[in-house]
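Whatever order the structure lists ligands and atoms in, that order sets their numbers, starting from 1.
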Amino acid sequence: MTDKVVLAYSGGLDTSVAIPWLKERGLEVIAVTVDVGQPGDLQAHRQKALRIGASEAIVVDARAEFAESYIARALRANALYEGIYPLSTALARPLIGKSLVDVARRVGAGKIAHGCTGKGNDQVRFDLCTTSLAPELEVLAPARVWKMTREEEIAYAEARGVPVPVGRRSPYSTDENLWGRSVECGILEDAALEPPEEAYGWTRAPERAPDVPAYVTIGFDRGLPISIDGQATDLPTLVPMLNRLAGDHGVGRIDHIESRVVGIKSREVYECPAALTLIPAHQALEALVLPRDLLDFKRSVEQRYSQLIYDGLWFMPLREALDAFISSTQSRVTGEVVLKLYKGAARVVGRRSAYALYQHELATYAEGDRFRSEMAEGFIYVWGLPARTWASLEEPPAPAPAAAPVVPAPRAPTAVD
Ligand code: ARG
């Protein structure tokens, strides 16, 4: 019996070439395209996989699960890798991996394959999530071993009747899903140069965005968006809607030197209009309803959470434990946030909540102030006690001058690797 391999199939060149490559190694290929909200005709991809030689081709609609179980968690965690990247590509990988494992079990396949190269994070994420969910499955990564250049790959494809659409000859490598678009390669590899306008696909240049701002009100219930401008909506509907609206106003562009898991620094360009609208809105509501110590502690959890998503550790107990913490912080994160979308920025300009810790009669400098300012003196006396005690003691004498330091001889340079 031929061994079966379940291939993560995007419809692009790398994963298309993978089909004949795997077949030539005696494997029966089942192509799986996971719909996480990427544009394109996925049924057409399915047909293409069959034409190229897959014995079966499946499209899995994972959009709702992606929004409700992945984006929702990332949003409640305000997840931004290195403080800037909403983890759009990273977040979809465990779900794609889980879908592959499900299919592999259903069809009795012993192997899973993906089109990632050996230089990126995505291979780490796919491999780790398969290891976590199904350690008995073997993972194959043809592009990691075939060592073909782009030209060789195209020649290999043409020789085997794999169509190479002209669009795929674009200089950029892109990845898209509901939470954002990633762009790499081509001229973007020159980190000193501004990304050319053609690299962007979801957002208008801020300078060409409308001269009139758009205001948008997002309603939250326990940390999750439930309405836009008073209209009830669910996350799988709201996110693409905001990608269009905010993207039109030039919101969501990110240009970043990123620290990859494999040690490489890479220049990454992203477009994440919905994420860069919803995260600031969620943060603003949390600032209104959560006490200072909780906000402060949660920030450290958010940073750890973002990193574990980036590192491909989604299906690990740490993620579940941090989820439990984050979830317990969200019971009062209910209310509305108003954002102004204008020329590339989404700024929070208003917020309200039944659980607001902001109380006008405590904060005001005008009529109606109920804060007991006279108590501040006693508070500061006690709060400042350690500072006063420290300052009241005499400074210790300065240390005796040290002997001349021994300067070590410079080390001979070694190769980086
Ligand atoms: N550097 C980003 C990440 O690791 C984006 C990767 C984009 N992936 C791709 N196959 N083009 O999350």
Side-chain angles (χ1 to χ4, degrees), residues 7-18 32-40 45 66 70-71 73-74 77 79-97 100 113-129 139 141-144 146 150 153 167-189 191 195 198-202 252-273 275-276 279 303 305-314 319:
L7 169 69
Y9 185 68
S10 70
L13 181 63
D14 293 341
T15 55
S16 295
V17 166
V32 176
T33 305
V34 183
D35 184 354
V36 280
Q38 67 273 45
H45 293 344
F66 185 43
Y70 292 75
I71 292 176
R73 287 192 168 107
L80 293 168
Y81 179 63
E82 298 189 317
I84 190 166
Y85 163 42
L87 293 151
S88 40
T89 292
L91 197 56
R93 297 312 186 193
L95 176 55
I96 297 172
L100 300 178
H114 58 71
C116 305
T117 68
K119 298 186 71 172
N121 299 312
D122 289 327
Q123 52 163 350
V124 178
R125 297 168 186 149
F126 276 128
D127 292 17
L128 281 189
C129 104
V139 184
R144 198 157 57 189
W146 67 34
R150 196 79 177 159
E153 219 180 310
R168 283 303 303 166
R169 299 183 189 202
S170 128
Y172 305 113
S173 158
T174 59
D175 177 69
E176 296 171 277
N177 64 48
L178 286 177
W179 208 224
R181 176 172 186 267
S182 310
V183 203
E184 299 170 325
C185 303
I187 190 72
L188 301 178
E189 288 179 356
E198 62 174 31
Y200 295 103
W202 286 17
R253 293 186 172 190
I254 298 160
D255 174 358
H256 174 220
I257 295 296
E258 186 170 292
S259 314
R260 287 193 184 167
V261 184
V262 294
I264 299 170
K265 290 274 188 187
S266 65
R267 203 283 182 87
E268 305 283 336
V269 170
Y270 300 105
E271 298 178 279
C272 305
L276 293 196
I279 292 173
Q303 196 267 332
Y305 196 84
S306 306
Q307 190 167 337
L308 75 82
I309 296 175
Y310 191 82
D311 291 352
L313 302 174
W314 183 265
R319 200 264 303 158

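For the residue pair Glu268 / Ser182, no side-chain donor-acceptor distance below 3.5 Å is found, with atom types taken as modelled.
Every side-chain hydrogen bond (donor to acceptor under 3.5 Å, both in side chains) that Thr15 has, sequence neighbours left out, goes to Ser10. Listed by chain and number, the residues in a side-chain hydrogen bond (donor to acceptor under 3.5 Å, both in side chains) with Arg125 are Asp122 (sequence neighbours excluded). With sequence neighbours excluded, the residues that form a side chain to side chain contact (heavy atoms under 4.5 Å, CB included) with Leu313 are Leu128, Leu308, Asp311, Met316.
Cation-pi geometry between Arg319 and Tyr305 is not met: the NZ or CZ atom fails to fall both under 6.0 Å from the ring centre and inside 45° of the normal.
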**Request:** Could you go through the ring-ring contact (aromatic ring centres under 6.0 Å, His included) check for Tyr70 and Trp179 one step at a time?
**Result:** CA-CA 10 Å; Tyr70 292 75; Trp179 208 224; over 10 Å; no
Hey, what polar pairs (N/O, under 3.5 Å) does ligand 1 make with protein?
residue	atom	partner	partner atom	Å
ligand 1	1 (N)	Glu258	OE2	2.9
ligand 1	1 (N)	Glu268	OE1	3.1
ligand 1	1 (N)	Glu268	OE2	3.3
ligand 1	1 (N)	Tyr270	OH	3.2
ligand 1	4 (O)	Asn121	ND2	2.7
ligand 1	4 (O)	Arg125	NH1	3.1
ligand 1	4 (O)	Arg125	NH2	3.0
ligand 1	8 (N)	Asp122	OD2	3.0
ligand 1	10 (N)	Asp122	OD2	3.4
ligand 1	11 (N)	Ser173	OG	3.3
ligand 1	12 (O)	Tyr85	OH	2.6
ligand 1	12 (O)	Arg125	NH1	3.0
ligand 1	12 (O)	Arg125	NH2	3.2

